[in-house]
Amino acid sequence: MNEQNIFSQYIQKHSVFRDKRTLSSNFVPERIQHRGEEIQILGSIIAPVLKGFHSNNIFVYGTCGTGKTICTKYVLGQLVEILGTHGRDIKPIYINCKMKKIADTEYRLFAQLLREFGETVPDTGLPTDVLYRKFFEKIDSGKNEVIIVLDEIDALFRKIGDDFLYNLTRINSELKQSHIMIIGITNDLSFREALDLRVKSSLSEEEIIFKPYNAAQLKDILEERASAGFATGSVGDSVLGKCAALAAQEHGDARRALDLLRVAGEMADRLGDGIVEERHVDMAEYKIDMDRIVETVKSQPRQSQAVLHSIIKISQKTALQKQWSDRRMLTGDVFDAYAGICASVGMKPLTQRRISDLIAELDMLGIITAKVVSNGRYGRTREIRLAINDNAAQKVDAILAERFSA
DNA sequence: AGTCCACAGGAAGGGCAGGCGA
DNA sequence: TCGCCTGCCCTTCCTGTGGACT
């Protein structure tokens with residue numbers, strides 16, 4: 001091999017990792033810690049399908065990173081494993097409703113369900129009721145028990161309402177030999193309350209609530225993952241403790257804890273340090289937050305970017321004169337600045353109504369905070385502030401300035 | 001108590017791209 | 001090819017809001 005090859009150095013270098021996959025939040029381990037009770041309950045609700053009985057629908061609640069998805073996948077994995085010995089026709093389907101362009105509309109949801117059965121469905125073009133009928137015919141062509149896991153079901157509900165749930169449950173009353181069971185996963189505890197009465201009554205569901213992990217539980221989880229993921233002696237107890245403590249501050253989010261640990265390892269690797277230290281966790285925390293912001297901004301449509309650009313511009317201008325807490329602006333200010341940017345780059349401006357929606361979307365993404373306030377006779381508007389720190393704002397501004405340079 | 005402001009936000013519909021079936 | 005369907009982005013129109021001001 002050519003010693004000058006740019007990758008030869010990488011191959012020779014010692015890595016802190018043994019198996020990085022196990023440090024991914026999507027990885028389903030053989031044993032899930034601190035969720036024994038929830039797994040038991042979930043299993044006991046699903047179990048009747050093994051004997052040919054119908055199971056109730058289930059709603060799994062819990063904040064981000066509390067193990068809802070992983071436990072559900074784990075239980076279904078166990079189900080599939082035992083199916084081999086029982087030979088029943090049970091088909092679990094996992095769909096993440098937050099995945100844009102995958103299952104974020106009723107059409108796309110049914111299209112995705114049909115694809116799980118090996119059908120080819122166009123991305124658009126067919127009436128939704130045709131897909132509905134196709135799906136119906138497909139599952140009723142045999143004796144099937146279909147378990148549909150709808151992860152982040154609240155995202156789909158917010159976008160298209162609860163008709164899709166009603167339609168899914170209604171299918172059961174029409175099916176002759178098959179049955180559908182729905183497992184909805186959500187971090188919105190008020191989700192059920194928002195459902196229409198007729199949907200609630202047709203669901204006949206059970207609920208499981210996942211509580212956040214505490215720091216000690218997170219550390220247990222990290223220890224087990226680290227022993228499989230890192231080379232022996234590469235990561236110390238204090239590093240695991242720090243990742244656990246930081247994640248515990250964020251509502252006991254195990255996903256965050258794993259991300260911190262994995263990225264800290266990547267930092268150590270990149271710097272050729274051989275051992276993961278606490279300073280790598282600090283770097284990881286910064287990098288994760290920065291990457292999230294930059295990626296979010298880059299993936300926004302041009303008009304949203306122009307709105308954000310105008311918000312940063314106003315924020316920078318006021319920063320010179322005011323305290324941080326006073327760096328707020330109103331919808332009208334943002335619209336004026338946005339119109340100015342459009343004029344300078346020759347872009348057709350959208351209406352204020354549309355900009356109002358884009359501001360709300362940026363708020364949802366966590367890049368800005370936009371609070372509706374009333375200023376008395378000076379009107380009702382949104383008070384807008386940047387929700388990212390100065391470093392991130394500068395980085396985002398540099399990206400946007402390049403995009404909107406006249 | 002009534003007025004007024006500067007929007008918020010819902011509803012309806014237009015225009016577009018793209019796919020299907022007759 | 002045409003009519004009909006979809007999702008998506010957008011505009012237009014409208015009503016509602018809440019607190020300062022008169």
Side-chain angles (χ1 to χ4, degrees), chain A residues 95-115 117-138 150 152-168 194-196 296-311 314 318 328-343 345-365 367-385 387 403:
Chain A
I95 291 177
N96 187 335
C97 303
K98 219 176 183 177
M99 293 277 277
K100 280 207 165 184
K101 317 278 182 193
I102 304 273
D104 56 347
T105 64
E106 188 166 12
Y107 181 94
R108 285 173 178 162
L109 173 66
F110 278 101
Q112 191 60 25
L113 288 170
L114 275 162
R115 287 187 193 112
F117 281 94
E119 294 285 305
T120 47
V121 186
D123 290 341
T124 172
L126 292 177
T128 310
D129 62 308
V130 170
L131 291 197
Y132 177 83
R133 202 180 61 241
K134 270 189 176 182
F135 177 65
F136 177 89
E137 284 165 3
K138 190 74 199 175
L150 298 173
E152 315 237 29
I153 193 170
D154 50 302
L156 186 56
F157 167 69
R158 272 197 299 274
K159 194 163 176 211
I160 62 167
D162 51 14
D163 278 354
F164 74 99
L165 263 178
Y166 182 68
N167 287 338
L168 273 174
L195 292 175
D196 193 278
T296 308
V297 170
K298 279 185 176 171
S299 66
Q300 291 309 299
R302 193 169 155 81
Q303 297 285 2
S304 274
Q305 290 180 340
V307 173
L308 181 58
H309 192 40
S310 58
I311 292 170
I314 298 171
T318 52
R328 57 197 155 88
M329 60 207 85
L330 310 177
T331 302
D333 304 332
V334 175
F335 182 69
D336 291 344
Y338 158 81
I341 289 173
C342 287
V345 296
M347 194 165 83
K348 187 172 174 274
L350 302 177
T351 56
Q352 183 154 333
R353 173 71 187 85
R354 181 68 189 134
I355 296 306
S356 176
D357 280 345
L358 294 183
I359 288 170
E361 282 173 25
L362 288 171
D363 181 27
M364 288 256 291
L365 291 168
I367 299 171
I368 61 168
T369 59
K371 200 173 106 193
V372 177
V373 292
S374 177
N375 293 325
R377 72 168 306 160
Y378 303 107
R380 191 167 166 264
T381 178
R382 279 202 186 94
E383 225 174 59
I384 301 156
R385 280 190 186 85
R403 204 149 292 185

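The figures that follow rest on heavy atoms only: side chains count, while hydrogens, waters and symmetry mates do not. A, B, ... follow the sequence lines: proteins, then strands. Residue 1 opens every chain.
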(message) Holding to side-chain hydrogen bond (donor to acceptor under 3.5 Å, both in side chains), I want the full list of residues that pass it with A/Asp357, two or more places apart in sequence or in another chain.
(response) A/Arg353
(message) Go nucleotide by nucleotide along DNA chain B from the 5' end; which of A/Arg353 and A/Gly332 gets its closest nucleotide reached first?
(response) A/Gly332
(request) Can you tell me the distance, in whole Å, between the CZ atom of A/Phe110 and the P atom of C/dT6? (result) 14 Å
(request) Sequence neighbours left out, what passes side chain to side chain contact (heavy atoms under 4.5 Å, CB included) with A/Lys371? Give chain and number order. (result) A/Val373
(message) A/Arg354: which residues meet the side-chain hydrogen bond (donor to acceptor under 3.5 Å, both in side chains) condition with it, sequence neighbours left out?
(response) none
(request) Measure the distance from CG on A/Leu362 to C1' on B/dA8 and round it to the nearest whole Å. (result) 16 Å
(request) Could I get the full list of side-chain hydrogen bond (donor to acceptor under 3.5 Å, both in side chains) partners for A/Ser356, not counting sequence neighbours? (result) A/Arg382
(request) Write down the distance between CG (A/Asp357) and P (C/dT12), rounded to a whole number of angstrom. (result) 14 Å
(message) Can you confirm whether A/Leu362 sits close enough to A/Ile384 that some side-chain heavy atom of one is under 4.5 Å from a side-chain heavy atom of the other?
(response) no
(request) In whole angstrom, give the distance that lies between atom CD1 of A/Ile384 and atom P of B/dC7. (result) 9 Å
(request) Give a yes/no answer on whether the side chain of A/Ser356 brings an N or O atom under 4.0 Å of OP1 or OP2 in B/dG9. (result) no
(request) Would you mind reading off the distance between A/Phe335 atom CZ and B/dA8 atom P, rounded to a whole angstrom? (result) 11 Å
(message) Rounded to whole Å, how long is the line connecting atom CZ of A/Arg354 with atom C1' of C/dC13?
(response) 17 Å
(request) Please identify each residue that fulfils side chain to side chain contact (heavy atoms under 4.5 Å, CB included) with A/Ala337, with sequence neighbours left out. (result) A/Ser310, A/Ile314
(request) Applying side chain to side chain contact (heavy atoms under 4.5 Å, CB included), name anything that partners A/Phe117, two or more places apart in sequence or on another chain. (result) A/Lys91, A/Ile93, A/Phe135, A/Lys138, A/Ile139, A/Val146
(message) If the cut-off is 4.0 Å, is A/Arg382 near the phosphate of B/dA8, judged by side-chain N/O to OP1 or OP2?
(response) yes
(message) Just to be sure I understand the geometry, which residues of residues 369-380 of chain A put a non-hydrogen atom under 4.0 Å away from DNA chain B?
(response) A/Val372, A/Gly376, A/Arg377, A/Tyr378, A/Gly379, A/Arg380
(request) Could you provide the dot-bracket string of DNA chain C, using ( ) for intrastrand pairs, [ ] for crossing pairs and | for bases paired to another strand, with Watson-Crick or G-U pairs below 3.5 Å? (result) ||||||||||||||||||||||
(request) Could you tell me the separation between the CG atom of A/Leu114 and the C1' atom of B/dC20, rounded to a whole number of Å? (result) 15 Å
(message) Going by side chain to side chain contact (heavy atoms under 4.5 Å, CB included), name the residues that satisfy it together with A/Phe335, two or more places apart in sequence or in a different chain.
(response) A/Tyr338, A/Gln352, A/Ile355
(request) Round to a whole Å and report the spacing from CD of A/Glu383 to P of C/dG18. (result) 16 Å
(request) Compare all side-chain heavy atoms of A/Arg302 with those of A/Val345 and state whether any distance is below 4.5 angstrom. (result) yes
